[in-house]
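Below: one structure, written as structure tokens.
Within every chain, numbering begins at 1; the chains are lettered A, B, ... in the order of the sequence lines, protein sequences first and strands thereafter.
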2 protein chains.
Amino acid sequence: MHVSEIDTPALVVDLDILERNLGRVADYTKEHDLRLRPHTKTHKSPRIGKRQLESGAVGLTVAKVSEAEVMLGAEPADLLVAYPIIGRTKLERLMEVARRARVTVALDSTFAARQLSDAARAAQVEVGVLAEVDVGLGRVGVCPGAQLLQLAQAIEKLPHLTFEGITFYPGQVKDLDEAGLRALAQVGEILHSILAEFRAAGMEVKIVSGGSTPTLYHSHELAGLTEIRPGTYVYNDVNTVRSGGCAMEDCAASVLATVVSTAHAGQMIVDGGSKTFSSDRLVNSSEVTFGHVVEAPGARFHKMNEEHGYIDITRAEREFSIGDRVHIVPNHICVAVNLHEQMYGLRGETVEEIWKVEGRGKLQ
Amino acid sequence: MHVSEIDTPALVVDLDILERNLGRVADYTKEHDLRLRPHTKTHKSPRIGKRQLESGAVGLTVAKVSEAEVMLGAEPADLLVAYPIIGRTKLERLMEVARRARVTVALDSTFAARQLSDAARAAQVEVGVLAEVDVGLGRVGVCPGAQLLQLAQAIEKLPHLTFEGITFYPGQVKDLDEAGLRALAQVGEILHSILAEFRAAGMEVKIVSGGSTPTLYHSHELAGLTEIRPGTYVYNDVNTVRSGGCAMEDCAASVLATVVSTAHAGQMIVDGGSKTFSSDRLVNSSEVTFGHVVEAPGARFHKMNEEHGYIDITRAEREFSIGDRVHIVPNHICVAVNLHEQMYGLRGETVEEIWKVEGRGKLQ
């Protein structure tokens, strides 16, 4: 199948770039003796999870129980559920997963730990637990210090749970500029004192799990870190480019779209909007654009409705007619992938493989 | 099944409100002798499409060929594809639809009309066409005047096409305040001169199709309008409330979510973010909030990541604990529905029906 036979809008992936992205992270983690447990929220596909495992990942990360169920398809030895699992239905399903792979859960409350322990006891399985600490994002995670230590101690006492260590997400570091690197250094200092406190309390911290795609290649600068969970690096996107985390040439995935209207001078409408790209805006920027037009970087994707992308072509490098097809790299690839049923893997202009986004819409 | 047995996050629909919304529009269109051809982009479910037809709609509207295929399940006599259909694959599929229901296509170029005519001739079917005119949104649609007349005349000459009339979307009218009503009156004036021009050219305009949810109950003020295509009215959402188009009590759909973390004072995290609600912001407001917490309107859903909703509860009317469940009305229900596999129809606290969102992700 030739790329021209793909109907639009569709998500296409350059397999050469994908493989280069996987290899680069595998090399980096090997060089710095870091364990790689990539977050599968970006691709949502066991097929890509399997490639990550084959290229050196020790396990996979998910946010939802239903995603864990899907990712069993990649046959991971180890699954990290980086989200507090609350409620009986989810916990019972998670225990079924724990029968087929080693499961570790990240949580930030003794409430969640107790529920997990009860479910694990009922199912007669052992589950690993990471205590989630907030290092500046202000989302989930207890504060460093007494709260964290108390959470860890509570986990340690609960039957069928094993306290494995701590986890954090440095999501507040969005740019690798001077301020960003300073914020990352602060994360390093927080980790340093946390680990000292645990040593003083005589508690072993086997796993220190962190990492995001923007900060990926600075992970080795955080002393004590043992594993990273980047997600976006597999495909990359405009936000990652803008953060300084990669170059535009490292973006493996894009939306193939068709020009459907040129009724207004200086503007073209493409057949994708918020239901195709998501309405995620640029991170850390007041500029409103929704993607990068590969064929004409001077074109500006400045507005969207559900099925309409408005592209200002007054500064585009070429002209466009109805029926023309363009590749547009989304701002945030993870949410864009979640909107598509399948992805097309390209080697040059040949569709080498098509895979289903099996984790799409797995919200529970 | 009791509502408490639904796992979260999930989209729930109050069937009493849904039925009231359907009835109200049916009454309004009957009273003003307007044809109702609701846009199914909001619910994406043949089951709801069927209810719309049963309550007086003359047909259904879709934006994509794949949505038309799905909506055949509602057995509509008439399907309007309110989107220019470009490319052979889509046109061939559309002709299959045209064998099972009367199809009308809205388009804004002779390029699209010619492609459609060729496909209709090859398939030996007749297709209705509406010429799309831009009345101020600046999206698709030719300018009123000579361009529109030329497009209509081109359509009239093409074999297997029937020129039915004109269509427009007054999407620039977002609020029913003074400025909004003035903008709507301008639309009325534009329509008036368009119809005069067609009369002068001796061309019959059988259908004048317009309407949006915010402007819905002002449709009868636009002289010459024959049909409306509102979508959102079936469920409504925060944007519709803010536009003045309905009250909060008219919002039939909400996301049922669970509190998963209260690690930070004054904040709770719920188990849904941009993958559950969409990252659509409020229309015409610089305020950044992502939904209305029914149980505590003073709570502020001010930030989200993919799977995390950040809710500021410093001004909430009640306290919250991990495990508590809340109903949150999204800003934009159409894109939220597109993220969910199914919806739960509630009568009081009983799940009376569950339906699949069959049109979810039908992008092509």
Pairing residues for R139(A) by the side chain to side chain contact (heavy atoms under 4.5 Å, CB included) criterion, not counting sequence neighbours: L137(A), Y169(A), I269(B), N305(B), H308(B), Y310(B)
Looking only at heavy atoms and a cut-off of under 4.5 Å, which of P9(B), A63(B), S274(B) has the most pairs with chain A? P9(B)
Nearest non-hydrogen partners of A113(A) and I155(A), listed with the distance: CB-CG1, 4.2 Å
Go through the steps to decide whether K275(A) and E67(B) satisfy the test salt bridge (charged side-chain N to carboxylate O under 4.0 Å, His left out), and finish with yes or no. CA-CA 13 Å; K275(A) 277 170 59 187; E67(B) 290 179 336; 3.2 Å; yes
If the contact rule is any heavy atom under 4.5 Å from chain A, which residues of residues 280-291 of chain B qualify, in numerical order? D280(B), R281(B)
Would you check, one step at a time, whether the test side chain to side chain donor-acceptor pair (under 3.5 Å) holds for H43(B) with S45(B)? CA-CA 5 Å; H43(B) 55 74; S45(B) 306; 4.7 Å; no
So, the part of Q342(A) with a heavy atom under 4.5 Å from chain B: the answer is neither
Restricting to side chain to side chain contact (heavy atoms under 4.5 Å, CB included), what partner residues turn up for D7(A), sequence neighbours left out? T89(B), K90(B), R93(B), Q364(B)
With a sphere of 6.0 Å drawn around CD of E5(B), does it hold more than 12 non-hydrogen atoms of other residues, nucleotides or ligands? yes
Looking only at E307(B), K362(B), Q115(B), K303(B), the option with the highest number of non-hydrogen pairs under 4.5 Å against chain A is E307(B)
What residue, out of T258(A), V142(A), D108(A), has the most heavy-atom pairs lying under 4.5 Å from chain B? D108(A)
What residues form a side chain to side chain contact (heavy atoms under 4.5 Å, CB included) with A119(B), not counting sequence neighbours? L91(B), M95(B)
Do you know which of G138(A), G361(A), G141(A) has the most heavy-atom pairs with chain B at a distance under 4.5 angstrom? G138(A)
Derivation and outcome, salt bridge (charged side-chain N to carboxylate O under 4.0 Å, His left out), residues K41(B) and E306(A): CA-CA 9 Å; K41(B) 73 191 181 90; E306(A) 283 165 71; 2.7 Å; yes
Under 4.5 Å to a heavy atom of chain B? For A112(A) that would be neither
I need the residue from D134(B), V260(B), I85(B) with the largest number of non-hydrogen atom pairs under 4.5 Å to chain A. V260(B)
Looking only at the side chains, is there a donor atom on one of R229(A) and T167(A) sitting less than 3.5 Å from an acceptor on the other? yes
Among E132(A), R88(A), R360(A), H332(A), the residue with the most heavy-atom pairs under 4.5 Å to chain B is R360(A)
Which of the residues H340(B), K64(B), Q267(B) is involved in the greatest number of heavy-atom pairs with chain A at under 4.5 angstrom? K64(B)
Minimum side-chain heavy-atom gap L148(B)-C143(B) below 4.5 Å: no
Heavy-atom donor-acceptor pair, N239(A) side chain to N331(A) backbone, under 3.5 Å: yes
Which atoms of E341(A) are under 4.5 Å from chain B, going by heavy atoms: the side chain, the backbone, both sets, or neither? side chain
